[in-house]
Undergrad: 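For reference, the structure I am asking about is given below.
Whatever order the structure lists them in is the order used to number ligands and atoms, beginning at 1. All values below come from the heavy atoms of this structure, side chains included, with hydrogens, waters and symmetry mates left out. Not measured: the values here are computed from a predicted model.
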Amino acid sequence: MSRLSRRSFAASVAAAAMARPALGQGAYPTRPVTMVIPFAAGGPTDTVGRLIAQAMSADLGQPVVVENVGGAGGTLGAQRVANARPDGYSILLHHIGMATIPTLYRRLSYDAINGFETLGLVTEVPMTLVARRNIEATNLQELVALIRQRGEALNYANAGIGAASHLCGLLLMKAVDTRMTTVPYRGTGPAMNDLVAGTVDLMCDQTTNTTEQIRAGTIRGFAVTTPERVSALPDMPTAAQGGLPGFEVSVWHGLYAPRGTPAPITERLNRALVAALQDATIARRFADLGTAPVPVARATPQLHRDFWQADIAKWRPLIQAAGQFAD
Ligand code: MLT
């Protein structure tokens, strides 16, 4: 953040603090709130989280401070929040992994299904199949041929079992019926550095992390994994258009608090999230990165919980049939 925007950010936090009525006895929040991002800094979850945290800070009148707790496919950060005091000062921004982790991980030291209060959905992000810029393929058909030819000689980067990049890689390897060597990172932020450097070959990652690199030509983009093209990357075909029908996945994000967080606090956090989703700066930045805030009508705790639980049920039989568990 520039010095000027830091100053205006601080001013807006202070103004909001003065404008907010107290929540009655035990006004909330009276100190900074920690937003745990369960992946490394500089990656797609971090990008979404920092934008949302900044806008929530302005609404809450207290800083929402991002803490990256990466590792083990997003389970370490989730564990931190599930086991935190349910007082509203620890929240979690997580993604589709919240729906796959309960089946992928059979031994966890937190309750991956009942350990959280839902605060609202945040966004849904397309994924892109990308490669080092000098990969020996110029379109998806050539890339598929290369994967089939080289197989495990190709390195596919991901953010660990449970990450969106892991899930997308499984779908890709199933679609091309070929295994590659997977290289796990604490997040696709650091994985992207290696893809740009050319030390890994391929990755499937969210547009929030790939759009600017594709535009700059530091990596090569092959397809988006959504049924429609993405306006931020108008020249990129969908996987179906490129010859891989059914290779489809997008990454939803939601905000959580530890189970047992009192309703007045979860309601206050939901209001701050809704304010962030209506922030024009966030909408513009998200659009530039190929995504959009969810419509506020979808950002209720109940709709978030229903969506999440339905997604757990959707992925469970697919993961069990694949027999690919983290332990
Ligand atoms: C990240 O923020 O690093 C990603 O969301 C990782 C992933 O799920 O692929």
Undergrad: Determine whether a donor-acceptor pair (N or O, by modelled atom type, separation under 3.5 Å) exists between the side chain of T182 and the backbone of Y156.
TA: no

Undergrad: Apply side-chain hydrogen bond (donor to acceptor under 3.5 Å, both in side chains) to S109 and Q79, showing your working.
TA: CA-CA 7 Å; S109 50; Q79 173 186 319; 3.0 Å; yes

Undergrad: Kindly indicate whether the side chain of Y185, heavy atoms from C-beta on, has any atom under 4.5 Å from the side chain of V200.
TA: yes

Undergrad: Under a 3.5 Å distance rule, please check whether T34 uses its side chain to pair with a backbone N or O of V65 as donor and acceptor.
TA: no

Undergrad: Less than 3.5 Å between some nitrogen or oxygen of D205 and one of ligand 1, yes or no?
TA: no

Undergrad: Using distance alone, decide if ligand 1 has a nitrogen or oxygen within less than 3.5 Å of any nitrogen or oxygen in T45.
TA: yes

Undergrad: Indicate, as side chain, backbone, both or neither, the part of Q206 found under 4.0 angstrom from ligand 1 when only non-hydrogen atoms are considered.
TA: side chain

Undergrad: Show which atoms of ligand 1 fall inside a sub-4.0 Å distance from at least one heavy-atom site of T188.
TA: 1 (C), 3 (O), 4 (C), 6 (C), 9 (O)

Undergrad: Taking only heavy atoms of A163 into account, list the atoms of ligand 1 that are under 4.0 Å away from them.
TA: 7 (C), 8 (O), 9 (O)

Undergrad: Sort and list the pairs that fulfil salt bridge (charged side-chain N to carboxylate O under 4.0 Å, His left out) and have at least one residue in residues 201-225, not counting sequence neighbours.
TA: R132-D201, E212-R285, R215-D288

Undergrad: Is any side-chain heavy atom of P237 closer than 4.5 Å to one of R229?
TA: yes

Undergrad: Can you list the atoms of ligand 1 that are under 4.0 Å from a heavy atom of P44?
TA: 1 (C), 2 (O), 3 (O), 4 (C), 5 (O)

Undergrad: With a 4.0 Å heavy-atom cut-off (strictly under), which part of S165 contacts ligand 1: side chain, backbone, both or neither?
TA: both

Undergrad: Run the numbers for me: atoms of ligand 1, each under 4.0 Å from some heavy atom of G187, listed by number.
TA: 3 (O)

Undergrad: Take the angle between the ring planes of F116 and Y110 and call it parallel below 30°, perpendicular above 60°, tilted in between.
TA: perpendicular

Undergrad: Which pairs count as salt bridge (charged side-chain N to carboxylate O under 4.0 Å, His left out) when at least one residue sits in residues 68-81, sequence neighbours excluded?
TA: E67-R80

Undergrad: Strictly under 4.0 Å, does any heavy atom of A40 approach an atom of ligand 1?
TA: no

Undergrad: Using a plain distance cutoff, I'd like to know if A164 has any nitrogen or oxygen under 3.5 Å from a nitrogen or oxygen of ligand 1.
TA: yes

Undergrad: List ligand 1 atoms under 4.0 Å from H95, heavy atoms only on the residue side.
TA: 5 (O), 7 (C), 8 (O)

Undergrad: Counting each atom of ligand 1 from 1 as listed, which ones have a heavy atom of A159 under 4.0 Å away?
TA: 6 (C), 7 (C), 9 (O)

